[in-house]
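To keep things clear, I will list the structure first and then write my remarks on it.
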Amino acid sequence: MPADNQEPKERKSLDERHRMSELERLRHSCAHVMATAIARLWPDAQFAAGPPVDTGFYYDVELEHRIAPEDFAAIEAEMKKEIKANHPFERLTVTRAQAVADAQRGRLGALADRPVSSKFKLGNLEDIPEGEEITYYRSGDFVDLCAGPHVLRTGNIGAFKLTSVASAYYKGDERNPQLQRIYGTAFKNKTQLEEWLKLQEEARQRDHRKIGAEMGLYVIDTEFTGPGMPLWLPKGAVIVEELEKLAKETEFAAGYVRVKTPHLAKEKMYRTSGHLPYYAESMFPPMVLAEEGGGRVGEAAQAPVTRSATEGEPPVERADSTSGLRTEPTRYYLKAMNCPHHHRIFAAEPRSYRDLPLRLAEYGCCYRYEQSGELLGLMRVRSLNMNDAHIYCTEDQFAAEFNAVNQMYLQYFKIFGIEKYVMRFSTHGQAGLGKKYVDEPELWLKTEAMVRRVLDQSGINFVEVPDEAAFYGPKIDVQVWSVIGREFTLATNQVDFAVPAKFGLVYRDRDNTDKTPLCIHRAPLGTHERFIGFLIEHYAGNFPLWLAPDQVRVLPVTEAQLDYARGIVNELRGEQVRAELEFSSDKLMGRIQRAEQARVHHILVVGQREQDAQSVAVRIHGRGQQGVQPRAEVVADILAAIRQRRA
RNA sequence: GCCAGCAUAGCUCAGUGGCAGAGCAACGGUUUUGUAAACCGUCGGUCGUCGGUUCGAAUCCGACUGCUGGCUCCA
C-alpha cells in the first residue's frame, strides 16, 4: 500500500495541521530543506506541496531537469549545508494580497524573486478558505507558503536520506500536470535512521516476489499467460489447497453450503447487477458470439479486441427480445465478481423464510482488467481466486450473521498470528447518490446504522471512513499488518441492499408475501493471490508446518540407514504428510544447508545411532537442532501440529 | 492509463563501439558422508522484440513489450 494514500478528501483544518507529531514536524521541515537545496541547484524549480508521510516526506516539484537517484548526492550535500547553517524557521503571517503578490513575483517556494510566478503556490492559495490565516515559513533565503508547523531550526534535523523519485499529479488530479515527487526520510538521529534503513532492507528481503521465486511458489509468464495472471507451481499450489481446506472446514462448520459457477456470463448478468455501467473499464472486454444455434465466433471477436470496445455506453442489449427472429450477437464477459452468479443460484428455486439465512460459498475465479501500472506480483493481479460467499438473510437476521462473519475473521487472524488489524468501515457520501452510489438515501442510512451497531457491540477494532462505500452498500475493508509491520488490505466485506432487488430475488415470508433479502458479501481470506502474498511476507517464507510446501525431509547419514529413512517417509506420507527422502552424493552438511535454504520445516537426520534406537534427530527450519527423540513421538507430534494448524 | 528507471544463461550479476563472462543451479563422474556448501568436468545466451546509426552494436538512437518505483484506480 502506498504510504501516503490517506490524503484526506476534505482539506485539513489549521488546527489539525498543528497536531503534527514531533517526528512529522521534523520531516516536514526536512522537506523544506530539500526544496531549498533543489532551488539552489535548479532555481527554476516550481514547488507544489511537501507534506510528511508515514515513511518520511516528499516534495512535489516541476522541473525541466529529470531528477534521478544520481542527483541525490548533490542535493543531499546542499541540504547538509542548510542544516549546518542552522537557520531558524521563521513564521510570518501575511495578507492574501501580499501572498498573491509574492507568488506572482515567483518568491514562494524559492530563494529569491523570479521572472515567473510560483504557479502551484498560487493554486494552493486559492484553496485556502477566506478568513483562514495565511502564513509563510522562512529558513535562510528560502520562503515558502506553509501552514507549518516546523522545528525551531534547520539544525534540529538529525539525520535524513533521500530515498526515491516518482511522479504525481498536482493535487492528485490526473487532469493536472505531472510533477516529480522526491521522497526522503528523516529522523531525530543517525541511529534511528539506520534502524529504519535496516528494516527497509529486511522488508525487501521478505518481498513476496523474491521469496516466491526462491521457493518456487508461482511464476507470472507474461509472454504466454499474460501479465497479472500467476501460474501456481506445485509448491504454491500446496498452499492454495491448504487454505481452501481451512476455508471449507470453517465454512462448513458455520453452516455455509458450497456452489460452483462458470467463469463467463452473458452481458445481461452484469447489466442487471448494475456492474457494467459502473465498472466496464475494470472488466476484460467481452467475447462476441453469434446468436444461439450457430455458436460461431462472430466477426467482432475475430477482429483485434481493444479496450475501446467497452468505452462509452455499450449498445443496448436486445438478445432477449421475444421476436426470436433476429440474430443479435451475444456478448459474454469473464466474471469480475461472483455475486451475480450466486444471486442466480438464489433465484433458481423458490425460497422460503425458513431457508434463510442461506450462505452460498465458493472459491470463485474472477478476472479483472487492472491497469498495467497497478499490477504487483501476487498483490494486484488480473486473475484472482476469491474466498467468496454471499449470505442472504432477513433484516432480523442481519446482526447475528454479520457478527458471525466478523468472528470468523478473528478466528482466522488467530490462526495466522495476525495481531494488528483494523476494519475500515466505508460509508456513502451524500453527493455521490445516484452516481457513485445507488440512489436510496434512506436504505443507506439504515444499513450503515445496522453495521455500526454490530461493530460497536462486538468490540471489533474499526474506523469509519466516509464516501468510500461500494455502489450497492457500505463496505468494510480489512487492513492487517504483517509481523514486520507492513500494511495490507486483505479482504473486503460488503452489505448489499440493492442488487438482490435488481435480480428480483425474493423469499416468501411468514405472512405469505414476497420480500427481498439482504445480502452480505464476505471474503475473510481475500483472494488466494493476495492472501498468499501477504503470508509469504508475514512469515518471510517460513510457513508453519501445516502450510509449509515441504513439511518433512529425512536425511539418512549413510546408505546403511536408507531403509530406515524410507520407512519413516512412507509412514508420514501414509498420513498425508508432505515428506521426502534425500540421499544424494552431498555430504550431510550440504544436504542440511540445502534443506534449510529450501525452508523445509522438519529436517530429520537418521544415522546408525538413531536407527538402533528407533529414534530421529530433529532439526526445525530456522530453529536449529531439537535433539534426538523417539520416532513414534516425532511422528505423533508432526501429525498433531498439522491437525491443529499450530503456528 | 500517466511519469521515471530498468531488461545480459534457470537465479544473482560483471561486461560503455572490436571474439559473450563469473558464481550458484542443472547434467556427468569421483566421494559414502553426523547438523548451514566435498572434488573434477560438461551443458547452457540471436544480450526482451523490431527498426535505425556505424566498417563493426549487448554497448549509441527510436518504437514496442514487460518489469520496478510512484501517481490515478481498486466492485
Side-chain angles (χ1 to χ4, degrees), chain A residues 1-5 7 58 60 66-70 163-183 207 209-210 213-214 216 219-223 226-228 270 273-276 278-283 307 335-340 366 368-377 379-380 384 386 436 468-473 475 477 489 492 494 496 499 521 523 530 555-562 583-598 603-610 617-619 621-622 624-628:
Chain A
M1 289 292 108
D4 47 327
N5 65 348
E7 204 95 44
Y58 66 78
D60 284 345
R66 291 286 149 196
I67 294 178
E70 293 86 75
T163 50
S164 64
V165 56
S167 91
Y169 300 104
Y170 178 52
K171 292 184 184 174
D173 187 331
E174 64 182 324
R175 289 165 302 191
N176 285 338
Q178 274 200 316
L179 309 173
Q180 303 187 62
R181 176 168 289 183
I182 324 296
Y183 281 94
D207 191 299
R209 290 165 296 188
K210 180 178 155 69
E214 277 169 14
V219 291
I220 295 181
D221 176 3
T222 56
E223 193 183 352
Y270 305 109
S273 70
H275 284 104
L276 257 188
Y278 286 89
Y279 300 111
E281 277 306 296
S282 300
M283 295 174 72
R307 291 299 308 160
K335 69 175 171 185
M337 65 295 294
N338 302 303
C339 18
C366 299
R368 298 180 182 183
Y369 190 81
E370 302 290 353
Q371 295 184 58
S372 61
E374 324 197 292
L375 301 174
L376 178 71
M379 290 301 176
R380 200 68 186 277
L384 37 122
M386 288 181 73
K436 229 172 123 181
E468 300 253 325
F471 79 87
Y472 46 66
K475 173 171 97 165
D477 285 317
T489 302
T492 306
Q494 283 137 17
D496 181 349
V499 183
H521 303 234
R530 188 173 287 185
L555 314 185
V557 175
T558 72
E559 206 166 354
Q561 296 88 41
L562 209 45
F583 187 66
S584 63
S585 63
D586 275 322
K587 283 196 163 172
L588 183 63
M589 290 279 275
R591 283 183 284 152
I592 285 172
Q593 167 134 353
R594 241 182 254 270
E596 287 283 359
Q597 282 170 345
I603 300 162
L604 305 182
V605 175
V606 291
Q608 198 54 46
R609 295 196 292 271
E610 287 77 17
V618 179
R619 184 188 174 103
H621 170 60
Q625 293 186 65
Q626 307 291 306
V628 177

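Here is how names work: the chains are called A, B, and so on, in the same order as the sequence lines, proteins then strands, and each is numbered from 1. Everything numeric here is computed off the predicted structure, so don't read it as measured data.
- In this entry the distance linking CD of A/E559 with P of B/rU30 reads 13 Å, nearest Å.
- B/rG21 and B/rC47 have their P atoms separated by 13 Å, given to the nearest Å.
- In this structure B/rG5 sits in a base pair with B/rC67, meeting the Watson-Crick or G-U test at under 3.5 Å.
- To the nearest whole angstrom, the two P atoms, one in B/rC61 and one in B/rU16, are 15 Å apart.
- For the P atom pair drawn from B/rG69 and B/rC64, the interatomic distance equals 22 Å after rounding to whole Å.
- Using modelled atom types, no side-chain atom of A/Q593 and backbone atom of A/G590 make a donor-acceptor pair closer than 3.5 Å.
- Going from the C1' atom of B/rG44 to that of B/rG10 covers 9 Å, rounded to whole Å.
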A/R380 vs A/R530, side chain to side chain contact (heavy atoms under 4.5 Å, CB included): CA-CA, chis, key distance, verdict: CA-CA 7 Å; A/R380 200 68 186 277; A/R530 188 173 287 185; 3.6 Å; yes
Give me the distances for all protein-to-nucleotides 2-9 of chain B N/O pairs that come in under 3.5 Å?
| unit_1 | atom_1 | unit_2 | atom_2 | d |
| --- | --- | --- | --- | --- |
| B/rC2 | O2' | A/Q178 | OE1 | 2.5 |
| B/rC2 | O2' | A/Q178 | NE2 | 3.3 |
| B/rC2 | O2 | A/Q178 | NE2 | 2.9 |
| B/rC3 | O4' | A/Q178 | OE1 | 2.2 |
| B/rC3 | O2 | A/S167 | OG | 3.2 |

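- The side chain of A/A470 lies closest to B/rA75 when the candidates are B/rC67, B/rU32, B/rA75.
- Rounded to an integer number of Å, the gap from A/L376 CG to B/rU72 C1' is 16 Å.
- Partner assigned to B/rG18 is B/rC55, using Watson-Crick or G-U wobble distances below 3.5 angstrom.
- Base-pair partner of B/rG34: not found among the strands shown (Watson-Crick or G-U wobble, both distances under 3.5 Å).
- No N or O donor and acceptor, one from the side chain of A/R368 and one from the base of B/rC73, sit under 3.5 Å apart.
- One C1' atom belongs to B/rU46, the other to B/rA20, and the distance between them is 12 Å to the nearest Å.
- Looking only at distances, no side-chain donor or acceptor of A/S282 sits under 3.5 Å from a matching main-chain atom of A/R368.
- Comparing atom distances between the A/R181 side chain and each of B/rC73, B/rC71, B/rU68 picks out B/rC71 as nearest.
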5' to 3', nucleotides 34-50 of chain B under a 4.0 Å protein heavy-atom cut-off (B base, S sugar-phosphate only, - none) gives BBBBB------------
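- Atom name C1', nucleotides B/rC40 and B/rU31: the rounded distance is 11 Å, in whole Å.
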